[in-house]
Enquirer: 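Mind looking over this structure? Questions follow.
Sequential numbering from 1 along the given sequence is applied to the chain's residues.
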Amino acid sequence: MTGFTSVRSAHLTRTQLTTIPKAEASLRAEKKKLLARLDQLELQRPENRQADAENSEGSYFSHAALHHRLHQINFALERIRLGTYGRCTECGAQIACRKLEADYGLSRCPACQRAQAG
């Protein structure tokens, strides 16, 4: 475990202490897969990428979605390193472990997610 230390764990619940190491491992594995997928897309011949973009907006949105998810993962890993993982980045409220386990890249509590969407 590279980012999470016991010094930062003093304020965390027992459940959070088990969730964070799982989150870090899962995020690192997902990041590795995303980087490999992005590398595959970049290695495609330029004329093929252009044809794909002209034939389907899906390839552009897929590429953008991969970059967006990579950003979420990097942000979550940074929060783990800083000891702020599991807290809403908007209001500071604790995010339920079950919510984090559904998406380890989650950075907002449900109330702040609703406020942003609405």
Side-chain angles (χ1 to χ4, degrees):
M1 200 167 31
T2 58
F4 184 67
T5 65
S6 60
V7 174
R8 295 186 186 110
S9 68
H11 69 283
L12 300 174
T13 67
R14 182 185 210 163
T15 305
Q16 291 165 323
L17 287 173
T18 60
T19 300
I20 291 173
K22 286 189 274 185
E24 185 172 17
S26 178
L27 288 164
R28 289 187 185 286
E30 186 178 355
K31 180 179 179 175
K32 185 176 180 180
K33 288 178 186 175
L34 282 173
L35 290 172
R37 179 66 182 127
L38 285 167
D39 282 346
Q40 286 176 340
L41 290 174
E42 294 300 321
L43 289 176
Q44 286 180 348
R45 297 177 67 182
E47 58 272 11
N48 291 345
R49 282 198 310 256
Q50 182 64 32
D52 287 347
E54 290 172 359
N55 293 333
S56 170
E57 290 183 4
S59 66
Y60 168 77
F61 291 116
S62 172
H63 195 263
L66 290 172
H67 276 286
H68 178 72
R69 183 60 182 169
L70 185 58
H71 172 75
Q72 288 177 321
I73 290 170
N74 286 332
F75 189 48
L77 289 169
E78 181 66 10
R79 292 191 324 274
I80 289 172
R81 189 184 70 75
L82 295 172
T84 60
Y85 182 80
R87 295 215 165 264
C88 177
T89 57
E90 297 293 320
C91 70
Q94 191 70 44
I95 301 172
C97 288
R98 62 182 164 70
K99 294 283 187 186
L100 290 172
E101 288 170 349
D103 179 2
Y104 288 125
L106 197 62
S107 64
R108 292 186 186 99
C109 68
C112 289
Q113 285 178 337
R114 283 190 300 274
Q116 183 188 20

Enquirer: Are Phe75 and Leu77 linked, directly or through other ILVMFWY residues, by side chains that come within less than 4.5 angstrom of each other?
Expert: no
Enquirer: I'd like to know if the side chain of Gln72 reaches the main chain of Leu106, judged simply by a donor and an acceptor atom lying under 3.5 Å from each other, with no hydrogens or angles considered.
Expert: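 Flag not set: sc Gln72 to bb Leu106 has no pair under 3.5 Å.
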Enquirer: Test: salt bridge (Lys or Arg N to Asp or Glu O under 4.0 Å). Region: residues 65-74. Which pairs qualify, not counting sequence neighbours?
Expert: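 Residue pairs passing salt bridge (Lys or Arg N to Asp or Glu O under 4.0 Å), neighbours aside: Glu30-Arg69, Arg69-Asp103.
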Enquirer: Provide the closest heavy-atom pair for Cys112 versus Glu90 in the form atom of the first, atom of the second, distance.
Expert: SG-CB, 3.5 Å
Enquirer: With side chains defined as the heavy atoms from C-beta onward, is the minimum distance between Pro110 and Arg114 less than 4.5 Å?
Expert: yes
Enquirer: Give the C-alpha distance, both sets of side-chain angles, the deciding distance and a yes or no for salt bridge (charged side-chain N to carboxylate O under 4.0 Å, His left out) between Glu78 and Arg81.
Expert: CA-CA 5 Å; Glu78 181 66 10; Arg81 189 184 70 75; 2.6 Å; yes
Enquirer: Between His71 and His68, what is the ring plane arrangement, given parallel below 30°, perpendicular above 60°, and tilted in between?
Expert: tilted
Enquirer: Can you measure from OG (Ser26) to CD (Glu101) and round to the nearest 0.5 angstrom?
Expert: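 Between Ser26 OG and Glu101 CD, I get 10.5 Å after rounding to 0.5 Å.
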Enquirer: In chain order, what residues pass the side chain to side chain donor-acceptor pair (under 3.5 Å) check against Arg79, with sequence neighbours excluded?
Expert: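 Testing Arg79 for side chain to side chain donor-acceptor pair (under 3.5 Å), a comparison that skips the adjacent residues, returns none.
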Enquirer: Measure the spacing between NZ of Lys33 and CD1 of Ile73 and express it to the nearest 0.5 Å.
Expert: 10.5 Å
Enquirer: Check whether any side-chain N or O of Thr89 sits under 3.5 Å from a backbone N or O of Ser107 as a donor-acceptor pair, and report yes or no.
Expert: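 The answer is yes, because a donor-acceptor pair under 3.5 Å joins these two groups.
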Enquirer: Which pair of non-hydrogen atoms, one from Ala76 and one from Leu27, has the smallest distance, and what is that distance?
Expert: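 The pair with the smallest heavy-atom distance is CB-CD1, 3.6 Å.
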Enquirer: In sequence, state the C-alpha distance, the side-chain angles, and the governing distance for Ile95 and Tyr85, and then conclude on side chain to side chain contact (heavy atoms under 4.5 Å, CB included).
Expert: CA-CA 9 Å; Ile95 301 172; Tyr85 182 80; over 6 Å; no
Enquirer: Is the closest side-chain heavy-atom distance between Lys31 and Arg28 below 4.5 Å?
Expert: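 No, too far: nothing below the 4.5 Å cut-off.
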Enquirer: Calculate, to the nearest 0.5 Å, the distance between atoms OG and CG belonging to Ser62 and Leu38 respectively.
Expert: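 Answer for the OG-CG pair, Ser62 versus Leu38, is 8.5 Å.
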Enquirer: Can Leu34 and His67 be said to form a side chain to side chain contact (heavy atoms under 4.5 Å, CB included), step by step?
Expert: CA-CA 8 Å; Leu34 282 173; His67 276 286; over 6 Å; no
